[in-house]
Colleague: 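Before I ask anything, let me first share the structure, which is written out below as structure tokens.
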There are 2 protein chains.
Amino acid sequence: MRLTDRQKLILTLVIHEHIQTAQPVGSKTLVLKYNLAMSSATIRNEMSVLTEYNLLRQPHTSAGRVPTEEGYRFFVGNLTQKSTLPTATRRTISHQFYQSRQDVEQWLKLAASVLANQSQAASLVTAPHADKTIFKHLELVAARGRQVLMVLVLMGGEIRQQFITLAEAVSQERLSEVANRISHQCTRCDIDDISRLRPQFDALGQDIIDILVAEMTLIEESVTGEIYLDGMTYVLSEPEFPESDEARQALHILEESSLLENLLASTMMNTDVGGIQVLIGGEGTWDELRQCSVILARYGDPQSLTGSIGVLGPIRMPYDRTISTVQFVANVLSDLVSESLVV
Amino acid sequence: MRLTDRQKLILTLVIHEHIQTAQPVGSKTLVLKYNLAMSSATIRNEMSVLTEYNLLRQPHTSAGRVPTEEGYRFFVGNLTQKSTLPTATRRTISHQFYQSRQDVEQWLKLAASVLANQSQAASLVTAPHADKTIFKHLELVAARGRQVLMVLVLMGGEIRQQFITLAEAVSQERLSEVANRISHQCTRCDIDDISRLRPQFDALGQDIIDILVAEMTLIEESVTGEIYLDGMTYVLSEPEFPESDEARQALHILEESSLLENLLASTMMNTDVGGIQVLIGGEGTWDELRQCSVILARYGDPQSLTGSIGVLGPIRMPYDRTISTVQFVANVLSDLVSESLVV
DNA sequence: TTTAGCACTCTCATCATGAGAGTGCTAATT
DNA sequence: AATTAGCACTCTCATGATGAGAGTGCTAAA
């Protein structure tokens with residue numbers, strides 16, 4: 001399918017106009033609004049070609065044209081120039097990050113909030129997560145009775161905390177001693193290494209190691225870290241969801257973390273840090289997203305920790321701007337995360 | 001305002017029926033559906049009395065009756081007996097908690113999910129939070145260069161982590177030593193105590209103490225802990241929100257954490273652990289909630305850590321069941337939290 | 001190849017209509 | 001004195017008819 005320059009222009013204009021008005025766009029409107037040097041009849045002819053190509057479609061015989069999903073895909077693939085975010089916007093965003101608390105969790109929440117506000121759509125951010133869990137540090141804090149708080153720090157900086165119950169009460173001194181021993185012996189070890197070192201420890205140490213290994217296995221098996229969402233209500237204000245039922249389906253995929261992990265897992269597999277994925281209208285696979293588009297990027301350090309960030313909005317979305325926003329925020333997060341990497 | 005038994009009965013039935021059908025209920029329907037031993041004319045007379053009292057209202061002259069907010073309030077205040085959740089349900093719920101991981105965060109997420117599913121409405125759970133922050137334990141883990149991961153454990157079990165940047169790189173040994181010294185010296189101290197102890201430490205120790213105090217102050221100033229939400233999409237499926245715009249307003253109050261903290265702060269002030277608050281139709285104060293009711297309870301240990309849990313749904317809500325569910329989950333959480341208290 | 005002109009199509013807002021549900025009132029009944 | 005049957009009345013809502021408006025596709029002229 002090879003389009004003439006004029007056809008590309010018209011497709012672009014139809015998409016632009018439709019994104020603004022959410023209405024089918026007619027030939028006459030186009031000529032008037034964009035001062036085109038051709039008549040509406042010419043546009044009509046071109047439009048009917050684009051309709052043949054399945055890039056545009058008519059909601060009904062005598063209505064204007066609306067871009068098809070394929071039309072959007074062509075547009076995103078061929079017609080958007082790599083637009084960069086205005087410098088002012090970039091500065092505003094960076095500023096927010098660098099003046100926030102130095103805490104990964106804060107950054108991720110902030111990223112979700114910035115994405116949602118900038119794109120006026122729902123956003124998601126997953127915490128950075130490593131494919132391989134490497135032990136870094138362990139801490140045990142006496143809670144009450146046989147309860148102990150275990151804090152586990154992984155290489156890269158992921159932190160997990162958990163209450164464990166020991167067979168009998170143990171003093172804080174003894175707990176610290178064991179934790180120090182394990183921290184010292186096992187630093188930079190993976191699950192197998194730790195299992196191998198297990199016999200070197202005394203009974204208490206071995207109990208702790210068992211819990212430690214179980215926890216690390218759990219982490220290693222999970223596809224993504226914590227998920228942060230924001231801006232779900234923006235989706236509700238879109239005119240394409242007058243019936244809240246349709247918006248419900250889309251938001252449900254965000255809320256139900258198993259569904260979302262599925263989506264992320266199968267989408268991000270073949271995306272590297274720096275790359276970007278644009279899912280338009282569910283791409284035939286995600287039925288609940290038939291009315292939506294999702295823009296996803298990966299951030300982090302490819303060697304160790306990576307996470308996903310993205311935006312979910314209506315198909316009728318300002319792709320160029322949203323894509324560059326997502327990309328920019330991904331870069332900012334990558335920088336922040338790699339700066340504060342625990343090695 | 002003093003109601004006869006029959007009037008109470010009719011009010012109750014109208015509410016029951018309206019909750020099921022979401023429609024105005026007429027006198028004839030009532031007689032038929034509930035096999036009442038009186039005629040529809042009698043009901044009509046009583047209904048017009050209840051309408052006088054402003055407990056019922058007519059959407060228009062020739063429609064059935066709908067409960068007013070005041071009607072619901074009277075119903076909740078006087079007519080619901082302290083119904084207990086069916087034992088089977090209670091068991092199902094407890095079971096889920098006791099087989100989950102022993103981790104406060106997991107419990108809270110689970111609580112939100114259980115509440116949302118049980119009540120088919122949006123739910124919120126705030127992490128347990130103390131009015132007064134008392135230091136328990138500190139850990140410092142070398143990250144990279146001058147970056148250090150600081151893990152702070154408070155009495156009660158709240159945990160905060162944060163990256164800090166020191167003036168110069170410091171070895172893990174030295175960091176552990178300082179952390180141990182501080183942990184040992186300052187355990188059970190509040191902010192003032194720690195500030196007083198500051199001079200006892202060396203330069204590095206004092207730097208750490210400064211950050212520590214700043215962080216503890218921050219925690220003490222915040223009204224609530226982390227907030228967990230679930231079931232937002234349930235609200236969208238309610239027939240009272242055909243226009244997604246109205247649902248949007250209500251959900252916005254949940255999503256915007258500052259609004260939510262406001263609501264929680266002013267509502268929970270005069271509620272003790274074990275108590276429950278029912279906000280019907282925004283109570284004239286919360287405009288965005290005009291169409292909604294919120295049921296809130298407090299859980300935790302009144303002496304140390306408390307949090308809030310609650311449900312947000314349409315005014316037309318099965319109050320007795322929802323109230324007992326919220327109350328039950330609050331109790332379960334109270335038990336879990338106090339069992340695993342860090343003292 | 002482009003454009004003016006025109007008949008044609010389809011939607012959407014508006015209005016009229018009538019069935020249906022429910023009420024309030026009055027007079028009869030218990 | 002309280003309850004009920006009966007009935008006129010009111011209001012909504014679904015249905016269908018109507019016409020303006022927007023947009024198209026086609027044809028013939030430029």
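It should be emphasised that the depicted structure is a prediction, and the values quoted were computed from it without experimental measurement. First the proteins, then the strands, lettered A, B, ... as listed; each starts at 1.
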Colleague: Rounded to whole Å, how long is the line connecting atom NZ of A/Lys28 with atom C1' of C/dA4?
Modeller: 12 Å
Colleague: Quick one: which of A/Leu260, A/Asp230, A/Val311 gives a side-chain contact (heavy atoms from CB on, under 4.5 Å) with A/Leu124?
Modeller: A/Leu260
Colleague: In whole angstrom, give the distance that lies between atom CZ of B/Arg65 and atom C1' of C/dT23.
Modeller: 7 Å
Colleague: When we call it a touch if two heavy atoms are under 4.0 Å apart, what does A/Ser27 touch: a base, just sugar-phosphate, or nothing?
Modeller: sugar-phosphate
Colleague: Between B/Gln7 and B/Tyr53, is any side-chain donor less than 3.5 angstrom from a side-chain acceptor?
Modeller: no
Colleague: Atom CZ of B/Arg6 and atom C1' of D/dA1: how far apart are they, to the nearest Å?
Modeller: 12 Å
Colleague: Under a 4.0 Å threshold between the charged nitrogen and the carboxylate oxygen, would A/Glu69 count as salt-bridged to A/Arg290?
Modeller: no
Colleague: Whole Å only: how far is the CD1 atom of A/Ile10 from the C1' atom of D/dG23?
Modeller: 16 Å
Colleague: Using a heavy-atom distance cut-off of less than 4.0 Å, which residues of residues 30-39 of chain A contact DNA chain C?
Modeller: A/Met38, A/Ser39
Colleague: For B/Tyr319 and B/Ser293, test the side chains for any donor-to-acceptor distance below 3.5 angstrom and give the result as yes or no.
Modeller: yes
Colleague: Can you confirm whether more than 12 heavy atoms, excluding those of A/Lys28, are under 6.0 Å from its NZ atom?
Modeller: no
Colleague: Scan A/Thr29 against the nucleic acid and name what it touches under 4.0 Å (heavy atoms): base, sugar-phosphate only, or nothing.
Modeller: sugar-phosphate
Colleague: Do the side-chain N and O atoms of B/Glu255 and A/Thr233 include a donor-acceptor pair separated by under 3.5 angstrom?
Modeller: yes
Colleague: Taking it one step at a time, do B/Thr89 and B/Thr92 satisfy side-chain hydrogen bond (donor to acceptor under 3.5 Å, both in side chains)?
Modeller: CA-CA 5 Å; B/Thr89 316; B/Thr92 317; 5.7 Å; no
Colleague: Counting only Watson-Crick or G-U wobble pairs whose two distances fall under 3.5 Å, which nucleotide matches C/dG22?
Modeller: D/dC9
Colleague: Are side-chain N/O atoms of B/Ser48 and B/Arg44 paired as donor and acceptor at under 3.5 Å?
Modeller: no
Colleague: Would you name the heavy atoms of B/Tyr72 and B/Arg316 that are closest together and state the gap between them?
Modeller: OH-CA, 3.6 Å
Colleague: For the residue pair B/Thr325 / B/Thr322, report whether a side-chain donor-acceptor contact shorter than 3.5 Å exists.
Modeller: no
Colleague: Near DNA chain C, which residues from residues 42-63 of chain B have a heavy atom under 4.0 Å away?
Modeller: B/Arg44, B/Met47, B/Gln58, B/Thr61, B/Ser62, B/Ala63
Colleague: Between A/Thr51 and A/Arg57, is there a side-chain donor-acceptor contact under 3.5 Å, judged purely by atom types and distance?
Modeller: no
Colleague: Considering only heavy atoms, which members of residues 15-26 of chain A lie under 4.0 Å from some atom of DNA chain C?
Modeller: none
